[in-house]
Amino acid sequence: MNHPTTLNNAPTSTPRKLSLTWLAMGFVVFVCISLIFIDGWRSWTARHNQLHETEVSTTNMARAIAQHADDTIKAADTALLGIDEQIQADGTEPAALERLHNLLVRKTAELPQLKGLFVYDENGNWLVNSLPSTPANINNADRDYFIYHRTHQDKNAYIGSPIRSRSSGIWIMTLSRRLNHADGSFAGVALATIDIDYFNRFYDSFNIGQAGAIVLVSNNGTMLTRRPLLPDSIGKNMQSTTVFKESASHASGTFTVKSAQDGVKRLNGFRRLDKYPLFVSAAVSEDEVLADWLTDTYLHSAGVGLLVIALGAIGFYLIGQMKLRLNAEAEVIRARDAMIVLNKTLERLSLQDALTELANRRNFDITLEEEFSRAIRNASSLALIMIDVDHFKQYNDLYGHAAGDECLRKISQAVKSCQNRAGDLTARYGGEELAVILPTTDVEGALLIAERIRTAIHSLGISHAGNEAGIVTVSAGVEAIIPVRDLNKPVELIEAADNALYAAKKSGRDRVCSNFNMVDV
Ligand SMILES: Nc1nc2c(ncn2[C@@H]2O[C@H](COP(=O)(O)OP(=O)(O)OP(=O)(O)O)[C@@H](O)[C@H]2O)c(=O)[nH]1
């Protein structure tokens with residue numbers, strides 16, 4: 001039996017709504033965090049690269065400054081070696097000193113770093129120099145370079161502490177060598193004075209920012225010069241500084257340290273001179289180096305922050321809209337589900353008899369029509385049993401209409417319980433008359449079912465004083481047909497079964513009749 005089509009139940013929407021909403025929220029949060037992370041990572045990398053580039057540049061600066069210092073001192077030292085050679089070859093007679101004076105003047109003019117070249121005898125008296133005129137009664141025996149050479153046998157170059165020139169008053173660096181007599185005894189000192197400003201002019205050519213610094217320091221920790229030059233720079237003891245300690249243990253390198261003096265954190269590149277006991281350091285302020293990076297980072301962070309806020313706001317607004325839409329969708333689905341249930345109920349009610357809960361007449365008519373068509377298509381036998389309660393009018397009269405209703409209900413359930421196949425249909429045909437449609441059943445089969453029904457009603461044993469049997473009984477008419485298209489109609493089957501029922505009634509009730517056969521009880 002086919003029933004009118006019903007709508008499928010839609011799956012509930014709550015999990016989909018939850019998962020979609022969470023997915024969207026997760027996505028928005030993920031995108032925001034990713035943006036922040038990517039920008040943070042970019043910024044950190046840019047900072048790292050900036051510092052690395054600065055390290056390279058301070059290293060290069062230190063190398064250039066060290067090379068400059070080496071070359072500057074080497075040129076002066078070469079002049080001292082020339083003086084020593086000339087004195088040894090020419091002696092210190094007045095004529096020889098005159099020639100030496102000319103040489104010193106020439107050399108001083110050639111080398112811009114030189115302030116002067118001087119030769120002192122073993123007592124510190126001025127023998128000859130590059131000055132236009134020699135100051136009278138000056139003795140340099142008290143200078144540290146003089147004392148050093150007088151007390152040391154070696155003939156190495158000696159770089160003394162920076163001093164103010166007695167002749168010019170400016171800060172100078174002294175480079176000196178010991179002069180010996182032919183017997184190796186101390187004969188005096190050859191001295192070159194180097195203008196410390198010569199170094200500073202070179203250091204000015206480097207871009208070290210406002211808070212950067214360049215220093216030239218002796219290996220014993222004495223500062224020879226500094227850019228920028230502070231009042232106490234020259235001659236300052238650097239032994240406690242990091243740059244001194246670093247250069248004492250490494251020929252070159254870089255380090256970052258916060259200055260104890262001004263609190264500025266600087267990136268330092270340092271290098272020892274190859275030939276002389278000095279080292280140099282070039283330092284730039286970390287704040288200045290990172291100033292552009294910091295501005296860029298602020299701009300980026302502000303941009304990313306605004307983007308994240310906008311993305312978050314728009315994202316959560318859209319999620320809100322999505323939630324509303326999903327809620328509305330869920331409402332529609334709930335309404336549809338309720339409608340489906342209602343429709344099913346209505347459909348069931350429209351096809352069901354209220355009293356007996358059997359299929360009603362409408363359902364019977366629809367089903368008979370369908371099964372009739374199917375039987376035509378399949379050329380199969382379709383059987384119909386019409387059942388009528390015997391003397392039911394009297395039952396009503398004897399026991400009342402309510403008892404009659406109850407009796408009908410019991411009979412209906414008993415008839416229905418005899419139904420074997422899912423395709424069979426038991427219906428209330430009208431009043432106290434029931435009908436059973438039996439698809440793919442011939443008349444013998446239908447007779448057996450009808451007899452089973454009749455027996456089942458007997459088994460109920462419902463008292464009926466107005467019936468011959470003393471209990472409620474039924475009569476049944478059976479008909480079966482293999483219908484032919486355009487030849488047979490469902491109504492023929494009903495009429496034939498009705499005729500058989502009439503025959504059953506007529507022949508004494510409580511029996512099953514067919515148009516071919518009659519079963520007596
Ligand atoms: N209680 C009750 N009675 C019904 C219902 N439908 C029909 N009837 C009664 O069933 C009776 C049928 O009476 P009749 O058609 O004369 O037939 P009968 O009394 O059963 O006699 P036979 O069919 O000849 O055995 C009527 O009195 C109807 O009122 C119902 O739903 N409930």
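Ligands are counted one by one from 1 in listed order, and the atoms in each one are counted from 1 as well. Worth saying up front: this structure is predicted, and the values here are computed from it rather than measured. Values below: every heavy atom of this structure, side chains too, minus hydrogens, waters and symmetry copies.
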Asker: Between ligand 1 and Val389, is the shortest N or O to N or O distance under 3.5 Å?
Answerer: yes
Asker: In terms of heavy-atom contacts, does CG of Asp232 have more than 12 from other residues, nucleotides or ligands at under 6.0 Å?
Answerer: yes
Asker: For atom 29 (O) of ligand 1, what is the closest protein heavy atom, and at what distance to 0.1 Å?
Answerer: Asn396 ND2, 4.1 Å
Asker: Has Arg361 got its NZ or CZ under 6.0 Å from the middle of the six-membered ring of Tyr429, at an angle within 45 degrees of the ring axis?
Answerer: yes
Asker: Consider every N or O of Asp405 and every N or O of ligand 1, then say whether any pair is closer than 3.5 Å.
Answerer: yes
Asker: Determine whether a donor-acceptor pair (N or O, by modelled atom type, separation under 3.5 Å) exists between the side chain of Trp293 and the backbone of Ser43.
Answerer: yes
Asker: Heavy-atom contacts with Asp390 under 4.0 Å: which atoms of ligand 1 show up? List them by number with element.
Answerer: 25 (O)
Asker: Assess whether salt bridge (charged side-chain N to carboxylate O under 4.0 Å, His left out) is satisfied between Asp204 and Arg201, documenting all intermediate values.
Answerer: CA-CA 5 Å; Asp204 284 344; Arg201 285 197 297 276; over 6 Å; no
Asker: If only atom types and distance count, is the side chain of Arg227 paired as donor or acceptor with the main-chain N or O of Tyr203 below 3.5 Å?
Answerer: yes
Asker: Has the side chain of Arg272 got a donor or acceptor atom that lies under 3.5 Å from a matching backbone atom of Leu278?
Answerer: no
Asker: Tell me, which protein residue and heavy-atom name are nearest atom 10 (O) of ligand 1, and how many Å apart are they?
Answerer: Phe392 CD2, 3.2 Å
Asker: Do me a favour and list the nearest non-hydrogen protein atom to atom 13 (O) of ligand 1 with residue, atom name and distance?
Answerer: Lys393 CB, 3.5 Å
Asker: Using a heavy-atom cut-off of under 4.0 Å, does the side chain or the backbone of Arg428 touch ligand 1, or both, or neither?
Answerer: side chain
Asker: Can you figure out which of His401, Lys505, Glu406 has its heavy atom closest to atom 22 (P) of ligand 1?
Answerer: Lys505
Asker: Looking only at atom types and distance, does a side-chain atom of Ser380 sit under 3.5 Å from a main-chain N or O of Ile376, one as donor and one as acceptor?
Answerer: no
Asker: How close does the nearest protein non-hydrogen atom get to atom 7 (C) of ligand 1, and which residue and atom is it?
Answerer: Gly431 CA, 3.5 Å
Asker: Counting N and O atoms only, with roles assigned by atom type, does the side chain of Glu492 sit under 3.5 Å from a partner on the main chain of Lys489, one being a donor and the other an acceptor?
Answerer: yes
Asker: Do Glu479 side-chain atoms and Asn515 backbone N/O form a donor-acceptor pair below 3.5 Å?
Answerer: no
Asker: Checking a contact table here: which protein heavy atom is nearest atom 24 (O) of ligand 1, and how many Å away?
Answerer: Arg509 NH2, 2.8 Å
Asker: Heavy-atom contacts with Gly404 under 4.0 Å: which atoms of ligand 1 show up? List them by number with element.
Answerer: 1 (N)
Asker: Among all protein heavy atoms in this structure, tell me which lies nearest to atom 12 (C) of ligand 1, with the distance rounded to 0.1 Å.
Answerer: Glu432 OE2, 3.5 Å
Asker: Report yes if Leu355 has an N/O atom closer than 3.5 Å to an N/O atom of ligand 1; otherwise report no.
Answerer: no
